[in-house]
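Worksheet for the structure shown next.
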Amino acid sequence: MNATYEHATPEAAAAACQRVPVTFEINGTIRQFEVEPWTTLLDLLREHCRLTGTKKGCDHGQCGACTAIVDGQRINTCLALAAVRDGAKVTTIEGLADGERLHPVQQAFIDHDAFQCGYCTPGQICSAVAMLNEGHAHTPDDIRELMSGNLCRCGAYTHIVAAILAVAEQPQGASK
Ligand code: FES
Ligand code: FES
């Protein structure tokens, strides 16, 4: 006797999957969404919020292009499930400036010519802001070590370190 197998279409499987309600404070605004259980915070930011400053590089936690600041910590948003981070306060590159006034780290990246193609830059800047708030970066070697999770395919590291060091040496630091 032949067995009969029924295969659900991808559409039917997706419809059967329960969406998860989540709420975030994103760049100072409370926002609510319904996401699939596997939606990453990176995809929520880029595809649900259209905040495409946060970049998708490797999508595997290895390049840092997707770095955003979540509850004060810099994280790889490609590795964070939105459902798990429900309720978090998220700051992306779009939320760092104060109106027309750039964040000191943004300004320093411009002043020190710390980017070429710019693809890694939002992640570098978000990572640098949170790192400076951590208070452990005092020397170029500290910065190189603590920023080692943010890769730059253009090799702009020398200027990136100079930009971050310039902010670290400012009395007011890089708070956000
Ligand atoms: Fe997240 Fe590379 S895209 S670490
Ligand atoms: Fe091009 Fe860093 S500026 S990858």
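As the structure lists them, so they are numbered: ligands from 1, and atoms in each ligand from 1. In what follows, every heavy atom counts, from backbone to side chain, and hydrogens, waters and symmetry copies are set aside.
When side chains are defined from C-beta on, L79 does not count as touching T40, because their heavy atoms never get closer than 4.5 Å. In this structure the side chain of Q106 reaches within 4.5 angstrom of the side chain of I93, judged on heavy atoms. Two residues are said to be in side-chain contact when any heavy atoms from C-beta on lie closer than 4.5 Å; T77 and K56 fail this criterion.
Inspection of the environment of atom 1 (Fe) of ligand 2 yields the following protein N, O or S atoms under 2.8 Å: C117 SG, C154 SG. Taking distances strictly below 2.8 Å, the protein N/O/S atoms close to atom 2 (Fe) of ligand 1 are C58 SG, C63 SG.
Atom CZ of R46 is separated from atom SG of C78 by 12.0 Å, given to the nearest 0.5 angstrom. We find the CZ-CD1 distance between R144 and I164 to be 10.5 Å, quoted to the nearest 0.5 Å. Here the CG atom belonging to L42 is positioned 6.5 Å from the CG atom belonging to D59, to the nearest 0.5 angstrom.
By the 4.0 Å N-to-carboxylate-O rule, R31 lies too far from E25 to be salt-bridged with it.
Ring pair F33/H48 is perpendicular by interplanar angle, where above 60° counts as perpendicular and below 30° as parallel.
Summarising the geometry of T39 relative to L44, their closest heavy-atom pair is CG2-N, 4.1 Å, with the distance given to 0.1 Å.
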